[in-house]
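Naming: A, B, ... by sequence-line order, numbering from 1 per chain. Basis for what follows: all heavy atoms, side chains included, without hydrogens, waters or symmetry-related copies.
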Amino acid sequence: MNPSVKEIAKSYEPKDVEQKWYSFWMENGFFQPAGDGKEAYSIVIPPPNVTGALHMGHALNVTLQDVLSRWKRMKGYKVLWIPGTDHAGIATQNVVERQLAIEGLNRETLGRDAFIERVWQWKALNGGQIIHQLKKLGASCDWSRERFTLDEGLSKAVVEVFVSLFEEGLIYRSTRLINWCPRCSTALSDLEVEHEESEGKLTYIRYPLLDEHDYIIVATTRPETMLGDTAVAVNPEDERYKGHIGKLLRLPLAGRTIPIIADKEVDPAFGTGAVKVTPAHDFNDEAIAKRQSPHLPFIPVIGQDGRMTANAGNKYAGLDRYDCRKAVVEELKEKGLLTKEDKHTHSVAHCYRCRTAIEPLPTAQWYVDVESMAKDAIDLVRGGKINIIPDGWKNSYFSWMENIRDWCISRQIWWGHRIPVWYCADCATDSGVSQGHYIHVVLLKEINGVTDGTYEELKAAGCSHAEIIANAKTLTIGIQVRPFSGRDELSGCPQCGSANIVRDPDVLDTWFSSALWPFSTLGWPDSTDDLKEVYPTSVLVTGFDILFFWVARMIMMGQKFMKDVPFRDVYIHALVRDETGQKMSKSKGNVVDPLSIIEKYGTDSFRFSLAAFAAQGRDIKFAEERVEGYRHFANKLWNAARFIKLNIDKIMPDGIGTIDEISKEIQTLDAKSLTLPDRWILVRLLQTAEDINKALDGYRFNDASSAVYQFIWHELCDWYIELVKTSFGRNYPNAALTLKCLIYVFDNSLRLLHPFMPFITEELWNSFPQNRQTISLAPYPDAVNLHIAPDTYACDKMSLVIDAISGIRNIRGEFNIAPSKKLHVTIKAAGETLRDNFDFIVDLAKLEALEIGGDVEKKPATMTSVKTGMEIYVSLSGLFDVKAELQRLGKELKKLDTAIVDIEGKLSNMDYMDRAPRAVIEKDKLKYSELIEKRDRIQNNIDKIKKLDK
RNA sequence: AGGCGCGUAGCUCAGUGGUUAGAGCGCUACCUUGACACGGUAGAGGUCGGGGGUUCGAUACCCCCCGUGCCUACCA
């Protein structure tokens with residue numbers, strides 16, 4: 001038994017090795033950046049939601065980043081891959097509120113501080129799940145730098161950015177329509193709503209004119225909003241209504257008097273050409289209202305809870321908006337004002353977190369003025385400071401950025417970064433009114449006989465400032481109230497010094513903190529070594545679904561605050577869909593759980609599949625059979641290692657030294673001391689390494705993975721290992737050298753594969769006597785460090801040998817001759833190559849006798865294979881079938897003829913000869929003569945058979 | 001409505017202005033050969049969605065059509 005090589009099992013069992021090596025990597029800190037002075041390579045992970053569980057999208061995303069990180073680490077870069085999670089404001093709050101509901105509690109009864117405490121508890125208990133799952137994938141992140149968007153440091157960055165932008169006037173407060181989710185009870189940004197086609201009705205309603213016996217019919221998809229109508233608009237060019245403009249209508253049900261107005265955006269072709277205008281509940285109508293002079297009034301009839309307000313009238317107040325719709329339609333029918341209802345599909349906005357239909361509501365919110373930042377961000381991509389790969393996504397990026405609207409960043413929830421803004425209740429507004437008059441408070445409980453009212457009113461009722469603040473369930477700050485922003489907690493009004501200040505109750509959009517991720521994770525706003533060394537990061541790997549949500553905003557914030565891009569490359573990968581191309585979703589029930597795939601096939605096979613699927617610019621249809629295929633690949637590799645070990649024991653039982661020694665020997669020896677297959681496989685290794693490096697350089701993960709697969713299975717295993725059996729079995733004098741060559745190639749194959757399949761490669765690599773601790777820090781093979789000459793001579797000669805073997809196998813296969821039947825073969829070929837490699841041909845083609853010569857003759861009852869530079873005759877006395885053989889050769893002849901006709905057509909075309917490049921013509925001429933020659937030889941053989949075997 | 005992408009072997013997908021158009025899986029035949037049946041050898045299978053155009057030459061470039069998927073949008 002060889003003392004230096006470990007025994008291994010017959011087939012690969014992932015579970016036995018994965019946990020072991022991951023712990024080993026972690027314990028030794030291999031994932032922490034090392035090597036001062038080396039070029040840095042850095043990635044920040046797109047932080048998954050802390051509430052998240054690993055899904056296919058994460059798995060793909062993380063696998064690709066890990067492939068890059070491991071590859072660069074092996075290439076000698078100082079790699080830093082920063083992991084972390086984001087606090088996912090709405091999602092997390094929803095999760096905890098659901099938990100509270102089970103206990104019969106809600107966040108209001110708990111109070112703000114206690115609720116937040118509760119969320120932190122939840123996070124401590126459950127927030128580690130996704131991180132644990134990333135580790136299962138083998139992610140080589142530097143876990144010692146794991147970050148969370150609500151960490152102290154990151155929060156400091158958020159405050160700094162908010163206050164700077166506020167001071168610069170780029171963050172402002174404004175009242176306008178926003179997307180409101182009645183279920184989550186918060187504002188949402190434009191990006192956080194999803195539009196869905198849905199089947200609705202277009203309801204036609206008669207609005208009578210005030211002073212005439214006439215009416216106008218309007219069409220609407222939301223009849224309930226008519227209670228808030230403040231006008232009916234028509235197109236000024238519309239002949240039907242021109243005479244009505246300026247007249248007054250009696251709004252049905254509400255009884256209000258509203259005008260008929262003109263607005264050029266009204267489409268005369270839609271509905272009746274007359275639009276009811278509800279400025280408080282429709283973005284279009286808001287725009288119409290604001291184009292009028294004076295502006296049309298806003299009458300909100302739906303409240304933040306999705307129920308009708310007092311403005312809707314006694315009959316409807318308190319009704320849910322959808323119940324109200326039914327009731328309104330009912331009443332209109334009764335009154336004969338509903339003229340018809342048509343089926344109508346239209347797109348409805350939904351909350352991306354809870355799928356509830358969005359209600360546009362006028363509220364005061366905080367906005368970021370993004371115009372100038374967006375302009376810079378466009379220039380950075382246009383000027384090539386940031387590469388988006390594949391670059392088809394640039395267009396989406398540009399079109400979004402060019403039409404960007406100000407970003408609503410305030411959210412009416414508790415879990416998140418609280419807006420660093422305070423308001424003084426005692427100062428006066430510009431019009432001299434006490435600001436406290438505009439601060440409305442709803443109390444948790446009755447105090448001094450009141451439950452809600454303005455700050456002033458509560459004060460008048462005898463409530464103290466401290467009581468008001470401590471018991472406030474909701475605080476609504478009027479737009480008239482002057483905001484003060486501060487990096488530190490304010491204790492008094494900066495203007496009047498009053499201690500009666502209230503903090504803005506809202507928190508920031510989670511994406512606000514995510515936008516800072518590339519530098520907040522590195523310690524900003526402090527000036528840290530990490531920032532100096534690692535910013536800008538090298539690449540951002542992400543899915544296109546968050547190109548706007550996140551990537552665009554990171555670019556804006558990075559440029560604004562770091563005066564430099566956050567990353568040089570953005571690699572946008574596909575979405576993982578199910579086998580039929582459907583988006584995976586829980587509601588469809590077609591979700592494939594990555595962990596169950598890992599359980600079944602092992603992490604390496606899963607990762608390899610994802611990399612192999614990751615062709616640029618196309619979605620991934622996830623097919624489990626592919627994973628199974630790559631598990632077979634892992635097993636193949638495993639068994640190649642077993643083969644090598646068995647032969648080490650046989651050929652070099654006293655030890656092989658170390659891999660470094662073997663490598664040095666192979667790299668420095670004279671090629672002439674090697675067999676032809678040895679020389680050939682070394683060149684193929686070199687070419688494969690070059691292909692893989694090139695592919696990874698261009699983020700072509702599928703090309704890289706297929707190159708390594710192809711090489712290991714179809715060249716190393718199918719050919720080289722079969723060939724070395726000859727050297728070993730026949731005890732060639734240089735068998736030991738061949739073995740070392742095999743070990744060298746295998747060692748480098750493991751390295752090439754390691755970024756894709758980290759576990760099995762580490763396991764196998766360590767079963768050889770290595771000079772290093774881990775393959776993850778072994779140099780990645782490339783043209784420089786392999787020290788292999790581009791031996792084209794060996795490649796040419798080897799293809800002759802392969803042709804000879806394939807030719808014989810082909811005949812054997814087509815006639816179903818069992819491998820156990822040894823054949824007699826004659827090869828007519830000039831030159832020494834085949835003779836020099838006689839044994840290889842005999843063994844791989846399974847021959848009993850082989851004769852090679854430049855002038856050997858074809859014997860009767862032999863099958864023929866015509867190859868470039870040789871003719872192969874296989875003796876098959878007894879089994880030989882003249883008819884079958886003539887048929888086979890005839891088929892071959894026909895195939896050649898087709899090709900010849902094709903090429904003849906080209907060569908006889910004067911236009912082609914005139915205009916095609918010389919090199920192409922030369923190539924065709926050469927091909928032509930080869931085809932002709934081959935055809936003649938086949939014809940010749942057919943003639944011989946006819947003569948000899950008649 | 002606008003924009004983007006896709007349509008290549010039974011399935012999932014690569015690919016390129018000149019190749020006899022490729023891979024994996026599946027299929028067929030033969031093979032329990034001493035690394036591996038999670039294997040080996042051989043094979044069948046494609047007028048590259050349809051129609052025009054550019055070109056000496058198109059699966060590839062342009063236009064139209066059909067099918068399909070996605071993104072964006074203030075379709076009352």
Rounded distance in Å between the C1' positions of G50(B) and C6(B): 16 Å
C1' gap between U8(B) and G22(B), integer Å: 10 Å
Counterpart residues, side-chain hydrogen bond (donor to acceptor under 3.5 Å, both in side chains), relative to Ser605(A) (two or more places apart): none
Taking the side chain of Asn810(A) as its heavy atoms from C-beta onward, which of A35(B), A76(B), A42(B) lies nearest to it? A42(B)
So what does Glu722(A) hit on the nucleic acid, given a heavy-atom distance under 4.0 Å: a base, only sugar-phosphate, or nothing? base
May I ask you to say whether Glu930(A) pairs ionically with Lys934(A), meaning some side-chain N is under 4.0 Å from a carboxylate O? no
Counting side-chain heavy atoms from CB outward, which of A76(B), G24(B), A42(B) is closest to Thr220(A)? A76(B)
Distance check: side-chain N/O of Arg405(A) vs OP1/OP2 of C74(B), anything under 4.0 Å? yes
Counting distance alone, no hydrogens or angles: does the base of A76(B) have a donor or acceptor under 3.5 Å from a partner atom on the side chain of Glu265(A)? no
My understanding is that only one of Trp713(A), Tyr709(A), Tyr601(A), Tyr12(A) makes a ring-ring contact (aromatic ring centres under 6.0 Å, His included) with Tyr630(A); could you say which? Tyr709(A)
Contiguous pairing runs of three or more, Watson-Crick or G-U under 3.5 Å, that involve RNA chain B: B:1-7 with B:66-72, B:10-13 with B:22-25, B:27-31 with B:39-43, B:49-53 with B:61-65
Which value, in whole Å, describes the distance between the C1' atoms of nucleotides C30(B) and G67(B)? 42 Å
Taking only the P atom of each, what is the distance from G39(B) to G15(B) in whole angstrom? 27 Å
Would you please confirm or rule out a distance under 4.0 Å between OP1 or OP2 of U19(B) and any side-chain N or O of Lys906(A)? yes
Would Lys725(A) and Tyr720(A) count as a cation-pi pair here, with the cationic atom under 6.0 angstrom from the ring centre and within 45° of the axis? no
Give one of base, sugar-phosphate or nothing for Ala916(A), where a contact means two heavy atoms less than 4.0 Å apart. base
At under 4.0 Å between heavy atoms, what does Asn395(A) touch on the DNA or RNA strands: base, sugar-phosphate, or nothing? nothing
Using atom P of each nucleotide, how far apart are G45(B) and U72(B) to the nearest Å? 46 Å
